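If you're wondering where the values come from, they're calculated on a predicted model, not measured in any experiment. Each chain gets a letter, A, B and so on, in the order its sequence line appears, and its residues count up from 1.
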Protein chains: 4
Amino acid sequence: MDIVLSEHGYGESSIPLILVSRSRHTDRVRRLSVDVRLAGGIPEVFTDGRNEHLLSTNAISNAVYALSADHADAETEEFALALCRHFLVSSPSTESVEVTVTATEFAPMGHEENSPRHSFRYIPAPRATSRAVGHRGENPCLWSGMSGLELFKTTGSTFTGFRQDKYLTIQPFADRVFGVELTAEWQYRDAERFDGSSRARAQEAIHEEFAAHISRSSQHTLHRLAEAVIGTCAEVCRVRMAGAHLTRGLVDLSPFHVDNPGIVYTATEHQTSPLAIEVTVGA
Amino acid sequence: MDIVLSEHGYGESSIPLILVSRSRHTDRVRRLSVDVRLAGGIPEVFTDGRNEHLLSTNAISNAVYALSADHADAETEEFALALCRHFLVSSPSTESVEVTVTATEFAPMGHEENSPRHSFRYIPAPRATSRAVGHRGENPCLWSGMSGLELFKTTGSTFTGFRQDKYLTIQPFADRVFGVELTAEWQYRDAERFDGSSRARAQEAIHEEFAAHISRSSQHTLHRLAEAVIGTCAEVCRVRMAGAHLTRGLVDLSPFHVDNPGIVYTATEHQTSPLAIEVTVGA
Amino acid sequence: MDIVLSEHGYGESSIPLILVSRSRHTDRVRRLSVDVRLAGGIPEVFTDGRNEHLLSTNAISNAVYALSADHADAETEEFALALCRHFLVSSPSTESVEVTVTATEFAPMGHEENSPRHSFRYIPAPRATSRAVGHRGENPCLWSGMSGLELFKTTGSTFTGFRQDKYLTIQPFADRVFGVELTAEWQYRDAERFDGSSRARAQEAIHEEFAAHISRSSQHTLHRLAEAVIGTCAEVCRVRMAGAHLTRGLVDLSPFHVDNPGIVYTATEHQTSPLAIEVTVGA
Amino acid sequence: MDIVLSEHGYGESSIPLILVSRSRHTDRVRRLSVDVRLAGGIPEVFTDGRNEHLLSTNAISNAVYALSADHADAETEEFALALCRHFLVSSPSTESVEVTVTATEFAPMGHEENSPRHSFRYIPAPRATSRAVGHRGENPCLWSGMSGLELFKTTGSTFTGFRQDKYLTIQPFADRVFGVELTAEWQYRDAERFDGSSRARAQEAIHEEFAAHISRSSQHTLHRLAEAVIGTCAEVCRVRMAGAHLTRGLVDLSPFHVDNPGIVYTATEHQTSPLAIEVTVGA
């Protein structure tokens, strides 16, 4: 019997750091978490335990810390790209490198009159993601995104006309509340021409479209939000949206003779309906 | 051998709901989590399995849902007080009742020109807490608070002059970055006269004092923040502050010949130093 | 207005370590998490930022690591006691010290014929807790316990005769399944005479009693388990049991014409009913 | 600009249930968590909000509950296969269906002499996974696996000869302790001929090989464990192993003049090194 190693990869994940930019009037403080993944090219490390082409995870995390010091004033997309290029060089046998930087920000506090502000409070969500994917011999791909974004509508959502099934116990909704937790990612046509202005436009497009459209299902909403990003940002060629519909049902208060005209809803998080789509700009 | 039941209590925790107020131009959406604790008064339930004085947790959580419908436009402090009074009546053998309501808000999105807004994004932190504690035969106590508040200073923090010890490996810091995660709670002198304006003043006092003072230790900072609340809010008689110092050390990049002048810090969360104080207004 | 610091404390929590005893035929491997809490005695650290009596958390965690090396072959109760005594000496202004050691074990793997075994798999639950509480000038108290213990009965549980209430929607159960998650702690009459044999007897008593008794409520079960520990271990003077009833309701499959005679139950964890009792041996 | 929906899918995840088999002398109790994923075939649901081919998640989770009642005595692999086939029928436009069932068991307690046992304690790890993947028009694939398995060696592990790099700060280890957290999955050559005996053999092979081999890296160990499964189970054609190396460094106690000959190790979980391989039996 012949055993074949068909895929292999390794890396270091959740490398944590706080990055302080002190070059401005008021400092900028970000918490970063960096994932590095190296795939392919070193089968003998796995099959024979021969390590001479293995870049150790010690060297990986140290490089993340060392290169971060040069990127305190940069966008995290630029930091992800720099790390991706570094590891393609420092691990020359590796076939592809993927670097993801997840960032959350701290907001300055105190009065901004004359003096700079040095105190901050933490804003845990949404998280800004930046992802650079480099295959040896090709230009790297660059993605920006957001995760941990939770949106809610108190009206402007229907759910009707779905497939009948013997296991169905719900009725159609002509007007329901609607909650969704989202991860959005968009790829740039040209990683070299990233200019840092896209994130704000993409985020605004998602917020605006969520407020404007009438949702016919969480699937429908996901597609509308993806279209909004691609329609707003001409530099974007591909959007991935993933999410979970957050079921919020009206609590039945009739046993207690209490009216519930759209006021009290369940908020259990257990049963989620994960959604994922990929939308591309056709040739 | 005589076995004595010296303390007993039970309750229902983390009862989840979303509360939508539809009485305004733009809706208000809050996520609530309610904890109810009933203590004392029913030893025979525990020792003999006799349940006739036991209010079941089914009735407890249903009452939380039913009463919430009347409090969609109220402050969570008022909801906590109403629940506390309800359970003292509906469980007449119970000695004391404690109700804690934890709330997070959703922020409206979209343009507020002529039309009301019905779309929201979730703000997970900080969480607003409201706590009512009622002992049978006494007026209930009322507390407000915040949890999940993470603060950070890029300067304005020292740590010097501490006790020498053979297990000490750090040097004094004349200027360090400083991170702390806080839970603050303040008690009102008179629960009946709660008017809903205190929370904003207390929160502002904490933010202002954190920015203004020079921290000599996380203990010192905790006390300064408690003093700020009690000094700003004359209606407050007691403040409890609890927190964890978040260790953020400069990453040593000298092995890689990279300078790190206050830029890259560790952000591991594992080792925390929990702190707790209670500050009262003396007679 | 006079502001008074009425309570204060600090410490270091969740100090993580793996402790390997290599003195046996087969090694013993434990994962420990240590919490140290120092309370009282140093108000000026909080109120004035004067640190000369402050034992830093750096010295606290280093002492935990240093003293652990001497306790690789000891019970965690002995380690907790040693740490408690150490901190009463090294922080002479502190009024009381509480040290909690939480331990999980690794089970050896492989064939134990002639050769010692050096490979292990991790057993995450239940966790064994050891707690030493020292007030200056008094003998320390010693507790052992377990946390993360989840028990379940497929029969032998009733819930009837409870208080009627207008918010009640459940019927009495003459025979139900019953789940509970438990934390148990028992205090020894004399910390100096701890001999390491109690834990196994207490744990066995809990398992046996849970299987043997007919539960009339989760409150009733908690008390029966506490009695079982105190009845089995003459060296124990006090037991604290805390827990959460895990609601497991029969899923209604009648809309789908499927019978569910005690087979499929819900397993959501959200709504828990925390319970706590303290049982002491009367004089 | 032409926008194309290039991929789409949805489903329901973490559907929780407790399944009690009452057909044996002593009951069997399992906690299951079921994920269902439907991919492709219904682009108009996303792009146009037309729902007539959409099987709602309400019908999905209800079907999971309803079909579970028939599988209380079956292996979870069989339950996953039945669900996969069900959804291919009940959602006829869907291109592929993936069903994953994650199971944990409860162990019976009490004396098994004459009477059956009805009391159990929960065993949270490792979790047994079963996965059925069905593409319309093809035979479904069946996988079994384990997740949450944490292994540790106190000797028998080296890490030497790895690539030199300017960011490297560690020395080679001729003998180190070694920890790894694993997820293993193996695919059967023929889903129709699954007989329930494979899991025990695969698990034993992993344990035995982990104990027997000298690890040259976590990569090397992962491959050895995959080979062991494929070598032991002739019915297996493919193995996927994923894992995280758990860094356990000797704590330096020399500043305190304490010897640490392989006794006290760090146990922080933050920085993990994810690994993944796929091993197949070659033609």
Side-chain angles (χ1 to χ4, degrees), chain A residues 16-22 27 29 31-33 62-63 65-70 72 106 108-111 117-126 148-156 177 179 181 207-208 210-212 248 251 253 255-256 258-269, chain B residues 16-22 27 29 31-33 62-63 65-70 72 106 108-111 117-126 148-156 177 179 181 207-208 210-212 248 251 253 255-256 258-269:
Chain A
L17 59 107
I18 299 232
L19 202 55
V20 179
S21 164
R22 298 178 182 268
D27 296 342
V29 182
R31 185 195 304 238
L32 306 187
S33 176
N62 283 336
Y65 287 119
L67 273 73
S68 73
D70 285 336
F106 288 73
M109 300 190 305
H111 298 296
R117 292 177 296 169
H118 297 295
S119 293
F120 300 82
R121 69 194 162 79
Y122 182 53
I123 310 296
L149 179 66
E150 183 179 331
L151 303 177
F152 190 78
K153 284 167 93 85
T154 52
T155 187
V177 301
E181 186 168 9
H207 288 184
E208 288 296 308
F210 187 79
R248 274 84 180 83
V251 178
L253 301 178
F256 323 121
V258 173
D259 214 23
N260 188 7
I263 296 175
V264 186
Y265 294 87
T266 56
T268 45
E269 304 301 349
Chain B
L17 59 109
I18 301 234
L19 203 54
V20 179
S21 163
R22 298 178 183 268
D27 296 341
V29 182
R31 185 195 304 239
L32 306 188
S33 177
N62 282 338
Y65 286 119
L67 274 71
S68 74
D70 286 335
F106 289 72
M109 300 190 306
H111 298 298
R117 294 178 294 170
H118 296 295
S119 294
F120 300 84
R121 68 193 163 80
Y122 183 53
I123 310 295
L149 179 67
E150 183 178 331
L151 303 176
F152 190 78
K153 284 168 91 87
T154 52
T155 186
V177 302
E181 186 169 10
H207 289 183
E208 287 297 306
F210 187 79
R248 274 84 179 83
V251 178
L253 300 178
F256 322 121
V258 172
D259 215 22
N260 188 7
I263 296 175
V264 186
Y265 293 87
T266 56
T268 44
E269 302 303 348

**OP:** Measure B/T266 against the heavy atoms of chain A and call it side chain, backbone, both or neither at under 4.5 Å.
**Re:** backbone

Subject >> Non-hydrogen side-chain atoms of A/Y65 and B/N260 separated by less than 4.5 Å >> reply: no

**OP:** For each of A/V29, A/N62, A/L32, A/L67, tally heavy-atom pairs with chain B at distances under 4.5 Å, and name the one with the top tally.
**Re:** A/N62

**OP:** Would you indicate whether the side-chain heavy atoms of A/V251 and B/L17 approach each other to under 4.5 Å?
**Re:** no

Subject >> Minimum-distance pair of heavy atoms, taken over all atoms of B/I263 and A/A72 >> reply: CG2-CB, 3.6 Å

**OP:** With a 4.5 angstrom heavy-atom cut-off, could you sort out which part of B/V264 is near chain A: side chain, backbone, both or neither?
**Re:** both

Original post:
Of the backbone (N, CA, C, O) and the side chain (C-beta and beyond), which part of B/F210 lies under 4.5 Å from a heavy atom of chain A, both, or neither?
Top reply: both

Original post:
At a heavy-atom separation under 4.5 Å, does B/D27 approach chain A through its side chain, its backbone, both, or neither?
Top reply: side chain

Subject >> A/L253, part contacting chain B, at a heavy-atom distance under 4.5 Å >> reply: side chain

Subject >> Portion of B/L151 that has a non-hydrogen atom of chain A nearer than 4.5 angstrom >> reply: both

**OP:** Grab the two heavy atoms, one from B/A267 and one from A/I18, that are nearest each other, plus how far apart they are.
**Re:** CB-CG1, 3.5 Å

Original post:
Between A/P126, A/G262, A/A125, A/P124, which residue shows the highest count of heavy-atom pairs closer than 4.5 Å to chain B?
Top reply: A/G262

**OP:** Would you mind checking which part of A/F106 comes under 4.5 Å of any heavy atom in chain B, side chain (CB onward), backbone (N, CA, C, O), both or neither?
**Re:** side chain

**OP:** With a 4.5 angstrom heavy-atom cut-off, could you sort out which part of B/F256 is near chain A: side chain, backbone, both or neither?
**Re:** side chain

Original post:
Which bit of B/V258 comes within less than 4.5 Å of chain A, counting heavy atoms only: side chain, backbone, both or neither?
Top reply: side chain

Subject >> B/P261 versus chain A, the contacting section by heavy-atom distance below 4.5 Å >> reply: backbone

Original post:
With only heavy atoms counted, which part of B/D259 is less than 4.5 Å from chain A, the side chain, the backbone, both or neither?
Top reply: backbone

Original post:
Shortest non-hydrogen contact from B/S119 to A/K153?
Top reply: OG-CG, 3.5 Å

Subject >> Atom pair CG/OH of A/L149 and B/Y122 - distance to nearest 0.5 Å >> reply: 13.0 Å

Subject >> Part of B/R22 within contact of chain A (heavy atom distance under 4.5 Å) >> reply: side chain

